[in-house]
Amino acid sequence: MIDVLIVGAGPNGLMLACELALAGVHPVVLERHPTPGGEPRANGLVGQVVRLLDRRGLYARLTGENTPPTPQPAFAFGAFPLDLTVLADNPHYVLGVPQAQLEATLAARAAELGVDVRRGHEVVDLRQRPDAVEVDLADGTRLTARFLVGADGGRSVVRRIAGIEFPGVTNDRSVSRTATVTVPASSLDPGTGGLLAPGYGVVPPFQHTRTPRGVIAWAPFPGRPALVSTTEWPDASTSDETAMTLAELRASVTRVLGVDLPLGPPDGPGLLRRLSGGNTRIAARYRAGRVLLVGDAAHVHPAIGGPGLNLGLQDAVNLGWKLAATVRGWAPEDLLDTYETERRPVAERVVMSTRAQSALISPGDEITGLRELFAELLRIPEVTGHIAALMSGADVRYPADPAEEMVGRSAPDVVVRGDQGVVRLAELTRTARPLLLDSTGTWAGVAAPWRDRVDVVTGHLEGTTATALLVRPDCFVAWSDGDADTLRAALTRHFGRPL
């Protein structure tokens with residue numbers, strides 16, 4: 001019998017497979033497409049997920065650098081530029097790698113860990129038993145697994161067959177167009193890298209620029225083709241039944257800016273995409289018996305601000321250790337249920353954020369007035385900090401005692417100075433095992449009964465005021481600076497009864 005069957009070999013499914021393998025569980029990943037998709041999708045990672053990838057050793061693989069990630073000095077919210085240099089503790093990270101590169105890196109890591117990825121296998125039915133899930137494939141094969149995870153996107157087959165409702169809203173009020181393009185050097189602003197639009201001004205890079213007629217974004221990615229995107233409300237000039245052309249995008253740019261731009265085709269294959277409206281939905285349940293949902297299978301929302309991979313990959317890491325503990329038999333009875341209770345509120349906040357940004361870029365005099373007020377608010381550093389924490393996910397806190405300030409939050413980037421030298425937390429968490437960091441040298445005895453599943457690291461802690469931290473595999477703090485009884489309670493609550 002298969003331990004865990006994952007449907008979908010996108011970033012979320014592969015990340016979950018890696019997490020399970022690190023925890024000693026043997027997953028199988030099914031993907032209906034015979035080869036990895038080549039269509040451009042996400043253009044990078046935004047938020048705390050960049051730190052998470054560093055904590056699994058994947059950031060260096062993606063960047064080719066051995067230095068830790070650094071916060072981004074600027075970003076955008078609802079077509080407003082955010083100056084993040086005013087923040088004493090900037091939580092916003094950006095990693096500009098295309099989704100195809102991320103998937104390839106995760107696939108390589110999964111292969112290293114012995115994960116069985118089977119491409120060209122399509123799920124057509126499933127049935128739950130008290131102890132397993134039976135899955136039928138299109139080729140007539142039947143597989144049996146202890147658990148089944150749907151990581152198969154917004155149109156999840158697993159979610160549909162499992163009978164999990166997907167309530168929310170679909171709208172067709174807008175049309176978005178995106179294309180890879182080339183522009184002559186004379187059309188680039190040498191100071192900012194923005195687009196020079198005679199008669200309008202400069203369209204800044206990596207921002208949403210709102211005009212009375214729509215929104216335009218210019219993304220000159222280093223080392224790969226640049227992207228131009230537009231959004232208009234409403235638009236009845238084309239039909240989704242016709243293929244989009246570069247001429248159609250140029251016409252949209254002219255309507256939005258009021259001037260024409262010399263946009264040419266890319267040097268080689270490129271993207272031409274038109275999307276009408278959008279979906280905002282969250283699954284009624286993240287779990288139905290032995291079937292669970294992760295990533296877009298559990299929630300879809302507007303893409304503005306780029307929160308999708310930040311949300312989905314952290315879903316996978318939250319679920320991975322809990323599901324592995326359940327398979328291996330030491331999980332507390334309700335541990336797997338905390339996947340939904342912890343991650344659903346995060347999805348709800350992402351939906352709130354993307355809805356707010358979508359409203360702020362919409363046309364209309366009332367929205368313009370709202371934007372004028374919002375611009376005033378963003379001059380207050382505390383407001384900018386709040387928005388940055390919301391967009392990055394740094395404000396996420398799982399249920400915990402309000403008096404325990406650090407518990408339930410992502411662990412800080414501490415450095416441990418001990419007998420092994422100077423070690424970053426990101427180097428200690430690559431095995432995805434729970435960690436007890438102890439600067440006092442007094443807690444190892446308390447944690448000894450859990451030594452089969454919790455590692456103890458002793459040394460002086462830098463980068464935190466805490467003298468001891470219990471860090472979960474997903475790098476959230478489970479306990480800090482309590483007494484022996486509260487440590488035992490935290491160990492039991494998260495990692496089951498001791499040996």
Please tell me whether Gln314 and Asn310 have a donor and an acceptor in their side chains that are separated by less than 3.5 angstrom.
yes

Contacts of [X] that satisfy side chain to side chain donor-acceptor pair (under 3.5 Å) - sequence neighbours left out:
X: Glu165; answer: none
X: Ser392; answer: none
X: Asn90; answer: none
X: Ser362; answer: none

Nearest 0.5 Å please: distance from the [atom1] atom of [X] over to the [atom2] atom of [Y].
X: Leu20; Y: Leu319; atom1: CG; atom2: CG; result: 7.0 Å
X: Leu487; Y: Asp481; atom1: CG; atom2: CG; result: 11.0 Å
X: Thr354; Y: His301; atom1: OG1; atom2: NE2; result: 6.0 Å

Considering the options [options], which one meets the side-chain contact (heavy atoms from CB on, under 4.5 Å) requirement together with [X]?
X: Met15; options: Leu102, Leu106, Leu309; result: Leu106
X: Thr230; options: Val253, Val175, Thr178, Thr209; result: Val253
X: Tyr398; options: Val407, Thr338, Thr341, Asp474; result: Asp474

Quick one: list whatever passes ring-ring contact (aromatic ring centres under 6.0 Å, His included) with Trp321, sequence neighbours left out.
Phe495

Atom CD of Glu405 with >12 non-hydrogen neighbours under 6.0 angstrom
no

Does Asp401 CG have over 12 foreign heavy atoms under 6.0 Å away?
yes

All pairs passing salt bridge (charged side-chain N to carboxylate O under 4.0 Å, His left out) where [range] contributes a residue, at least two apart:
range: residues 308-320; answer: Asp315-Arg343
range: residues 278-297; answer: Arg287-Asp337
range: residues 213-231; answer: none
range: residues 83-103; answer: none

Begin with the C-alpha distance, continue with both residues' side-chain angles, and end with the deciding distance and a verdict on side chain to side chain donor-acceptor pair (under 3.5 Å) for Asp483 and Thr486.
CA-CA 5 Å; Asp483 55 27; Thr486 58; 3.1 Å; yes

Is there side-chain contact between Pro399 and Glu342, with heavy atoms separated by less than 4.5 Å?
yes

Do the non-hydrogen side-chain atoms of Tyr339 and Val294 ever get within less than 4.5 Å of each other?
yes

For the ring pair Phe206 and Phe75, is the centre-to-centre distance below 6.0 Å?
no

Is Arg55 salt-bridged to Asp413, going by a charged N under 4.0 Å from an acidic O?
yes

Quick one: salt bridge (charged side-chain N to carboxylate O under 4.0 Å, His left out) partners of Asp189, sequence neighbours excluded?
none

With sequence neighbours left out, what residues match Asp54 under salt bridge (charged side-chain N to carboxylate O under 4.0 Å, His left out)?
Arg424

Which atom pairs, donor and acceptor, lie under 3.5 Å between side-chain atoms of residues 370-378 and protein residues at least two apart or in another chain?
unit_1	atom_1	unit_2	atom_2	d
Arg371	NH1	Gly78	O	2.7
Arg371	NH1	Leu360	O	2.8
Arg371	NH2	Ala79	O	3.1

Thr105 vs Gln101, test: side chain to side chain donor-acceptor pair (under 3.5 Å). Steps then yes/no.
CA-CA 6 Å; Thr105 300; Gln101 180 183 349; 5.1 Å; no

